[in-house]
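So the structure is just underneath, and the comments pick up after that.
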Amino acid sequence: MTHRLHFPDHFTWGSATAAYQIEGAANADGRLPSIWDVFCQVPGKVRNGDTGDVADDHYHRMEGDLDLMAALGLPSYRFSVSWPRVVPGGSGPVNAAGLDFYQRLVDGLLERNITPLLTLYHWDLPQALQNDGGWTNRETVGRFVDYAEVIGRALGDRVPTITTLNEPWCSAFLGHSSGVHAPGITDNAAAITAAHHLNLAHGRAVTALRAVVPSSTQLSITLNLAQVYPATDTPADVEAASHVDAIANRIFLDPILRGAYPSDLLHTTRHITNWAFVAEGDLTDINAPIDVLGVNFYAPSRVTAATDEVRAQVTGRWVNDPSQADAGASPWPGTDLAYSVSQPGPYTGMGWPIVPESFTDLLLRVRRDYPEIPMVITENGASFDDEVTSDGEVHDADRIDYVRRHLAAVHAAIQGGADVRGYYLWSFMDNFEWAWGYSKRFGMVHVDYDSLARTPKDSALWFRDVIKNNAVELPED
Ligand code: GBH
């Protein structure tokens, strides 16, 4: 016996990728380096010295990949545009050949009845802008708005949803606090400055896009959100969790959806920055109305207050989980107040704990605290060591189990009143997993990195049925 959970009518199903992770063709047709091309050249930053030079070679194999999406019954596809392909210098001339790739991509999707969801920025800042300070430089905001307008004008008539930024938390804090992502800076004040400029770039791009895209176009931002649980219910741990929640979640949610930074955040970071980079009018600009919030979810966090006793027990400042134990600096400025603690398993292949209930908690929390905004799950998925058989099949029961449980969690949130409109599985195919290079696979399609052959995994066939039924089947347990 199985138990079927039906999703609402018109629920959008899809799968997601990002430009630098799949395209390759790093030097093709006028593209110039992004911060990730440069970061990959720094010894020790990316596992095995991997780079995005070739990746899945999607740039040259796009038509075949679209055929595969159609064969797998995907109603929608989320991709990102490579800024350094379209405006290679970060500002200045548009590269027609680069833009043409996305014209063909969008047309190819529409021909196959696959609805595009376009992300303007998934971490690949043109290096030319980084040379002037990147996201720590307020000038970058204007460059992003110009680039957003170029894309809005060129593609806005055929793309029903445009997302400005993917996970600005990662750009700001993994890029500028822990330094495990490009541009690899470790400066907490710079990270908070970058977070503000990313917020401002988002809000001003939304306003600029409104003027050039059809009125029906949905504008959005994607945030990586995670519930932050206190390790115990002592007041100190509860306060630590609230602090991390502010620097991880509310630093984006509050200005974007309420037009103000959280007052507790301004207080807990006051020894790092005086927030003088926030100018008159910025918060009104950031608060530009959006139509839908993209939510990426992988795992929750669990934290404890940094008492002397805790300090004596932990070796590093950043001890969240097995995979991060040796990662060095914390990505949470001000975490001299809080330490991440390891959580009980089971874990994914990234070492991230599998806690589907926290996904329900998160969606209901967004519903409660920001009640007006509809949500789309723009990423959820997992990396595991998939089993490739000698006859070329790829068995990934762990991934099916992860996605099944997380879909049930989304369903529970919808039942509880959360307004969730769609779900995009990360990722369509195995790809360049940032600092982990090609050592981690998130795809529902397997990629052989020698031949670049694509093979749908069991999860892709399973997901095709979920889409067809608009329902997920749970074992009766
Ligand atoms: C997303 O980032 C990206 O958008 C996507 O490009 C990427 O391939 C995908 O996820 C898989 O990684 O850091 O130990 O506290 C997700 C980044 C992952 C950052 C989970 C926060 C929390 C676990 N997030 N992480 S930990």
Side-chain angles (χ1 to χ4, degrees), residues 15-23 36 46-47 50 52 55-56 78-80 82 117 119 121-124 163 165-175 177-182 221-229 241 244-245 247-249 252 294-303 316-332 335 338-343 345 347-355 358-359 362 377-384 399 402-403 406 424-444:
S15 186
T17 64
Y20 190 70
Q21 296 182 270
I22 65 165
E23 287 180 358
W36 271 94
V46 178
R47 197 167 270 212
D50 289 341
D56 294 334
R78 172 178 183 248
F79 64 93
S80 79
S82 163
L117 190 165
T119 301
Y121 182 73
H122 199 125
W123 307 353
D124 45 357
T163 297
L165 308 175
N166 177 73
E167 301 190 349
W169 181 84
C170 294
S171 299
F173 297 106
L174 299 182
S177 275
S178 66
V180 299
H181 279 188
I221 185 169
T222 280
L223 302 178
N224 57 303
L225 299 177
Q227 289 296 85
V228 184
Y229 300 105
V244 172
D245 181 60
I247 197 84
N249 299 317
F252 300 106
V295 175
N296 292 357
F297 176 82
Y298 291 90
S301 298
R302 205 149 68 99
V303 304
R317 295 184 63 223
W318 170 230
V319 289
N320 191 9
D321 64 52
S323 72
Q324 295 285 343
D326 57 356
S330 166
W332 297 328
T335 42
Y339 283 106
S340 212
V341 297
S342 58
Q343 305 184 56
Y347 305 102
T348 69
M350 300 297 285
W352 299 341
I354 301 174
V355 196
S358 79
F359 197 8
L362 172 74
I377 311 308
T378 38
E379 288 181 27
N380 175 242
S383 169
F384 287 105
R399 180 170 295 102
Y402 177 98
V403 175
H406 285 76
Y424 289 78
L425 192 152
W426 182 271
S427 176
F428 174 64
M429 56 185 161
D430 294 336
N431 58 50
F432 176 78
E433 179 50 30
W434 308 112
W436 297 88
Y438 298 98
S439 70
K440 302 291 180 187
R441 295 173 176 272
F442 277 86
M444 61 178 207

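Ligands are counted one by one from 1 in listed order, and the atoms in each one are counted from 1 as well. No experiment lies behind these values; they were computed from the predicted model shown.
Residue contact check for ligand 1: Met350 places no non-hydrogen atom closer than 4.0 Å to it. At least one heavy atom of Trp434 sits less than 4.0 Å from an atom of ligand 1.
Between His406 and Ile377 there is no side-chain heavy-atom pair separated by less than 4.5 Å. Side-chain contact between Tyr298 and Trp426: present, with at least one pair of heavy atoms (C-beta onward) separated by less than 4.5 Å.
For Thr163, the side-chain contact (heavy atoms from CB on, under 4.5 Å) partners are Leu117, Thr119, Ser220, Thr222, not counting sequence neighbours.
When the heavy-atom distances from atom 25 (N) of ligand 1 to Trp426, Tyr298, Trp352 are ranked, the shortest goes to Trp352. Between Glu167, Gln343, Lys440, Gln21, it is Glu167 that holds the heavy atom closest to atom 16 (C) of ligand 1.
Contact annotation: for Asn166 versus ligand 1, heavy atoms closer than 4.0 Å belong to the side chain alone.
Of the N or O atoms in Glu433, one or more lie within a sub-3.5 Å distance of an N or O in ligand 1.
Of all the atoms in ligand 1, the ones that sit under 4.0 Å from a non-hydrogen atom of His122 are 3 (C), 4 (O), 5 (C), 6 (O).
In terms of modelled atom types and a separation under 3.5 Å, the side chain of Asp50 and the main chain of Tyr438 share a donor-acceptor contact. One N or O on the side chain of Asn249 and one on the backbone of Ala226 form a donor-acceptor pair closer than 3.5 Å.
With salt bridges taken as basic N to acidic carboxylate O contacts below 4.0 Å, none links Arg47 and Glu433.
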